[in-house]
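See below for the structure under consideration.
In what follows, chains are A, B, ... by sequence order, proteins preceding strands, each numbered from 1.
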Amino acid sequence: MENTFEKIYQAVIKIPKGRVATYGQIATMAGNPRWSQIVGYALHVNPKPGVIPCHRVVNRLGEVSQAFAFGGENMQIKLLKEEVVKFDSDGRVVLSDCLWDGK
DNA sequence: TTAATGACCTATC
DNA sequence: CGATAGGCCATTA
């Protein structure tokens, strides 16, 4: 149980700066591709703020979830913008260029 | 213990 | 091609 969360956190923390990963990607790295929902839940509880870059986790569309809104989704995107993450006019992350390869 | 929910994804109509 | 339904796992009530 906690082990599962730890795996997810480890995967999220492993995301290099300027790069984003999708829930499915992290779930697969954690050990099961069906944990996508659990990944969202794990970040929802976010037991280790400051250690887990939740803003680097986006859905498969490259869009940050609205539930993030820990200060405004726009701020979330802006934060990523401060990194080297690229954004398109749709407000989505350019997965084709910033999607984490997993290594 | 059972049922319902959720920061999701995939498949089907 | 666009929208809808279902399913998976874990947590909460």
Exercise for the section: Return the value, rounded to whole Å, for the distance between atom CD1 of A:Ile26 and atom C1' of C:dC9. Expected result: 16 Å

Exercise for the section: Determine the Euclidean distance between corresponding C1' atoms of C:dA3 and B:dA7; express it in Å to zero decimal places. Expected result: 22 Å

Handout entry: Atom-pair distance (CZ on A:Phe5; P on C:dA10), nearest Å
Key = 9 Å

Exercise for the section: Taking all heavy atoms of A:Cys98 and all of A:Val85, pick out the closest pair and write down the distance. Expected result: SG-CA, 3.8 Å

Completion exercise
Here the distance between atom P of C:dG7 and atom CZ of A:Arg34, to the nearest Å, is 14 Å

Fill in the blank from the handout: Walking DNA chain B from its 5' end, the first of A:Val58 and A:Ile38 to be reached, judged by nearest nucleotide, is A:Ile38

Handout entry: N/O (side chain, A:Thr4) to phosphate O (OP1/OP2, C:dC9) under 4.0 Å
Key = no

Exercise for the section: Considering just the side-chain nitrogens and oxygens of A:Arg60, establish if one lies under 4.0 Å of OP1 or OP2 belonging to B:dT10. Expected result: yes

Exercise for the section: Assess whether atom CG of A:Asn46 is packed by more than 12 heavy atoms of other residues, nucleotides or ligands within 6.0 Å. Expected result: yes

Problem - Between P of B:dT10 and CD of A:Gln37, the distance in whole Å - result: 13 Å

Problem - Presence of salt bridge, A:Glu82 and A:Lys17, under 4.0 angstrom - result: no

Fill in the blank from the handout: In whole angstroms, the gap separating P of C:dC8 from OH of A:Tyr23 amounts to 22 Å

Exercise for the section: Could you please name the option among C:dA10, B:dC8, B:dA7 that lies closest to any side-chain atom of A:His44? Expected result: B:dA7

Handout entry: Spacing between A:Asn59 atom CG and B:dG6 atom C1', to the nearest angstrom
Key = 14 Å

Handout entry: Nearest heavy atoms of A:Val84 and A:Gly18, plus distance in Å
Key = CG2-CA, 3.0 Å

Handout entry: Value in whole Å for how far the P atom of B:dC9 lies from CG of A:Asn32
Key = 15 Å

Exercise for the section: Using atom CH2 of A:Trp35 as one end and atom P of B:dC8 as the other, report the distance to the nearest whole Å. Expected result: 18 Å

